[in-house]
Amino acid sequence: MSRRWQIEVKNLTNTDKLIILSPYLTPKTAESILSNSNISECEIYTVFSFHNFVSGASSLKTLKKLYQQGCRLYHLPRLHAKMVIAPGKFATIGSQNLTRNGVNNKESSMITYDQKEINQIEKALDSWLIQRQEINLNMIENIENQITILRRKLSLINREVRKEINDLEDEFWKNQAELIEQERLSREAEELRRAEEKAEKLRQAQLQEQARKAEELRRAREEADKIRQAQLQEKLQKEEHWKGVINSARYRVQKLSSHGEIDKELAKEFIRASACSDYNKNRVIRHSPGHEKRIEGSPNNWKIEFGANYFLVGKAIWRCQQTILEFIEKSESGYVIPVMELRESLENNVHRSVANHEENEYEGLYSARKDDFLIFGTQAIKISSFVNLILRKAKLEEIFQASKS
């Protein structure tokens, strides 16, 4: 079978892998199989035992040579199977070890090229390889140093030598187990350290992110507070300005009369602005400021006679004053009165400030009104001119603007 192995292994390429299982390995047989191979990877599984090496059943020199050729060596406890496997190419199973005796003994092995069977063999082998332990050069040399003495003692074939061999082997594998355990613990400790280091970095990153977000939030709140303060300041300034506008307007309007008394010059000014004459059905109107000389009455009742009627100029001024003051009060409290509504109220104040020849005011509105004029025969009062003058004196432009907005 060894010749067949040589032929099959020689046909493998540098991309192929070879797996050998043999409890015993001796010179020539194992070495000759691999001597002309081009394989890229070789794994050899054997029994790494003091008994085998002392008795000569296995050769440390062969293991050492295979190791130096690049083979990876493994100890597989209780190995008895003899197998050579090239995944994807062939597999052999039999009774022959890769030893000198294995060549000379009556052995039996079989070979298969069936891919399905090869896969099944590999799959079955996987459960064995869990128990493998790698053999390194240090292990080989460690045993080599003790083999010569043990072989001399073995020649005596006594219980002490056998017991010592067993004890040394037990101690050897105990030490190997301790080394493996130490390596495992060291590896786990290193993995734990790296995991803790990674967790600490993550924690630091999270803390930095939290600090960044907290700083952003602080800045956002600070900016929002600045905006609120600015808005509040602007609101206070607007309120103060609005208060000034309201108070100024109130002061100007209150000056129009004092406790219902109107200055005569003010009454004359309103007549100059609104009195007209030469009214006829063709509506030929002429502005007549000279009617101011005909004002009569007293500060609380200035009037001007137009035929059988009186236009109560003082009452018209006072009523308009009260309406505007009411408008200012409502504007101050936030109630919006449309400008046209105020103007209509002022015009009605002028419209109803008319008395008969007995100086009794008419109930409701004076009936003789044509469009924008109160008609008294050929004389007239232009209502819009009267209202325009009182609005100019009140100077309500800012309040009107606020009402629109």
Side-chain angles (χ1 to χ4, degrees), residues 17-25 30 34 39-55 57-83 85 87 98 121-150 153 160-210:
K17 176 181 178 180
L18 188 65
I19 302 172
I20 298 174
L21 287 85
S22 180
Y24 308 105
L25 297 166
L34 300 172
I39 57 175
S40 61
E41 185 178 356
C42 178
E43 294 180 359
I44 298 177
Y45 297 83
T46 188
V47 177
F48 194 73
S49 165
F50 270 69
H51 281 294
N52 294 347
F53 300 134
V54 172
S55 65
S58 268
S59 169
L60 281 171
K61 289 182 179 179
T62 297
L63 282 179
K64 194 171 185 178
K65 191 169 183 180
L66 292 172
Y67 182 89
Q68 290 170 343
Q69 288 178 355
C71 295
R72 300 197 60 177
L73 308 178
Y74 296 92
H75 167 65
L76 195 58
R78 303 180 63 81
L79 174 64
H80 190 67
K82 294 85 177 174
M83 304 167 68
I85 305 167
L98 274 70
I121 293 170
E122 286 185 82
K123 186 175 181 180
L125 187 60
D126 286 341
S127 63
W128 294 5
L129 300 186
I130 295 173
Q131 301 177 15
R132 71 181 184 181
Q133 297 180 44
E134 189 169 3
I135 301 169
N136 56 45
L137 189 59
N138 184 54
M139 294 167 63
I140 296 172
E141 291 175 347
N142 188 11
I143 293 180
E144 268 186 332
N145 294 333
Q146 304 177 60
I147 288 298
T148 303
I149 298 172
L150 292 175
K153 291 184 179 181
E160 290 184 5
V161 174
R162 292 183 181 277
K163 183 178 183 301
E164 188 173 350
I165 292 172
N166 290 334
D167 290 345
L168 284 171
E169 185 160 10
D170 290 344
E171 183 66 21
F172 175 82
W173 287 116
K174 180 181 178 181
N175 292 337
Q176 290 301 313
E178 290 177 352
L179 287 174
I180 291 172
E181 180 64 14
Q182 289 175 2
E183 289 176 358
R184 184 186 68 79
L185 293 174
S186 177
R187 185 169 58 253
E188 289 180 353
E190 177 62 16
E191 290 175 354
L192 179 60
R193 184 192 65 77
R194 290 180 180 176
E196 289 176 346
E197 186 179 80
K198 184 177 180 180
E200 178 62 19
K201 288 181 179 179
L202 179 60
R203 190 179 71 84
Q204 291 297 327
Q206 289 173 339
L207 289 175
Q208 290 176 359
E209 180 64 13
Q210 289 173 0

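Computed from a predicted structure; not experimentally measured.
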Going from [atom1] on [X] to [atom2] on [Y], what distance comes out if it is rounded to the nearest 0.5 angstrom?
X      : Y      : atom1 : atom2 : value
Met83  : Ile121 : CE    : CD1   : 5.5 Å
Leu73  : Glu134 : CG    : CD    : 8.0 Å
Glu122 : Leu125 : CD    : CG    : 8.0 Å
Ser59  : Ile147 : OG    : CD1   : 10.0 Å
Cys42  : Ile19  : SG    : CD1   : 9.0 Å
Leu66  : Ile44  : CG    : CD1   : 4.0 Å

Could you list the residues that satisfy salt bridge (charged side-chain N to carboxylate O under 4.0 Å, His left out) with [X], not counting sequence neighbours?
X      : value
Glu197 : Arg193
Glu181 : Arg184
Arg203 : Glu200
Lys65  : Glu31

Could you check whether any side-chain heavy atom of [X] comes within less than 4.5 Å of a side-chain heavy atom of [Y], counting everything from C-beta outward?
X     : Y      : result
Leu79 : Tyr24  : no
His51 : Asn166 : yes
Lys82 : Leu21  : no
Phe53 : Leu63  : yes

- Message: Test: ring pair (Phe, Tyr, Trp, His ring centres under 6.0 Å). Region: residues 181-200. Which pairs qualify, not counting sequence neighbours?
- Response: none

With [X] via side-chain hydrogen bond (donor to acceptor under 3.5 Å, both in side chains) - residues at least two apart:
X      : value
Arg132 : Tyr45
Lys17  : Glu43
Gln69  : none

Who passes side-chain contact (heavy atoms from CB on, under 4.5 Å) against [X], sequence neighbours left out?
X      : value
Leu137 : Lys64, Tyr67, Glu141
Glu209 : Arg212, Lys213
Ile130 : none

Minimum heavy-atom separation for [X] to [Y], with atom names?
X     : Y      : result
Phe48 : His75  : N-ND1, 2.9 Å
Pro23 : Ser58  : O-OG, 3.7 Å
Leu76 : Gln131 : CD1-C, 4.2 Å

- Task: Evaluate salt bridge (Lys or Arg N to Asp or Glu O under 4.0 Å) for Arg194 paired with Glu190, printing each intermediate quantity in order.
- Result: CA-CA 6 Å; Arg194 290 180 180 176; Glu190 177 62 16; 2.9 Å; yes

- Task: Measure from the side-chain N and O atoms of Ser22 to the backbone N and O of Thr46, and report whether any donor-acceptor pair falls under 3.5 Å.
- Result: no

Quick one: side chains of residues 168-176, donor-acceptor pairs under 3.5 Å with protein atoms, not counting sequence neighbours, listed by atom name and distance.
unit_1, atom_1, unit_2, atom_2, d
Glu169, OE2, Ser49, OG, 3.2
Asn175, ND2, Glu171, O, 3.3

